[in-house]
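Structure first, commentary second.
A quick note: this is a predicted structure, and the numbers were derived from the prediction, not measured. Side-chain atoms are counted along with the backbone in the values below, which use heavy atoms only and exclude waters and symmetry mates.
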Amino acid sequence: MQLAALQSRQDATDFIADYQLGDRVQVYQTRRNNANWYMVLLGDYASVTDARRAELTLADNVRALQPFVKSFSQIHREINRADGQ
């Protein structure tokens, strides 16, 4: 479940601290429009349904971010874009 897309690693670090997400999230880098982006992900779910169910249990401030579910194949494509820069 993607919580944020930010343009610097520091912004991602600040975001994680601001929302008190600690070690519950993962961050990966991709490239879009010739710029680096840092995606903040929460969780590893067996299905879209499981991810959407988990979204309902998030703190209100995190749920207000309107997280969206991404497949691992999409995440890997995005990581490969950064690796091929």
| note | Interatomic distance, CD@Gln66 vs CD@Glu55, rounded to 0.5 Å, equals 9.0 Å

| Rounded distance [0.5 Å steps], CD in Gln29 versus CE in Met39 | 10.0 Å

| field | Any donor-acceptor N/O pair, Arg63 side chain to Thr57 backbone, under 3.5 Å | value | no

| Could Glu78 and Arg31 be called an ion pair, given the rule that one side-chain N must be under 4.0 Å from one carboxylate O? | no

| Roughly how far apart are Leu6 CG and Asn36 CG, rounded to 0.5 Å? | 12.5 Å

| Same apolar cluster: Leu41 and Tyr45, side chain cutoff 4.5 Å | no

| said: Nearest 0.5 angstrom please: Leu65 CG to Phe68 CZ, how far? | reply: 12.0 Å

| query | Does the side chain of Tyr38 come under 3.5 Å of the side chain of Gln7 through a donor N or O and an acceptor N or O? | reply | no

| Heavy-atom pair with the smallest gap, counting every atom of Gly22 and Val25 | O-CG2, 3.8 Å

| task | Mind checking the CG-CD spacing from Leu42 to Gln26? Nearest 0.5 Å is all I need. | result | 7.5 Å

| task | For Met1 and Ala51, work out which heavy atoms get closest and say how close. | result | CE-O, 3.3 Å

| field | Common cluster, Val62/Val27, ILVMFWY with side-chain heavy-atom separation under 4.5 Å | value | yes

| field | same_hphob_cluster(Tyr19, Val40) at 4.5 Å side-chain heavy-atom cutoff | value | yes

| note | Nearest heavy-atom approach of Leu21 to Leu3 is CD1-CD1, 3.7 Å

| Shared hydrophobic cluster for Phe72 and Trp37 (ILVMFWY, side-chain gaps under 4.5 Å) | yes

| task | Quick one: do Thr30 and Ile75 satisfy side chain to side chain contact (heavy atoms under 4.5 Å, CB included)? Show the steps, please. | result | CA-CA 9 Å; Thr30 188; Ile75 291 167; over 6 Å; no

| message | With a sphere of 6.0 Å drawn around CD of Gln20, does it hold more than 12 non-hydrogen atoms of other residues, nucleotides or ligands? | response | no

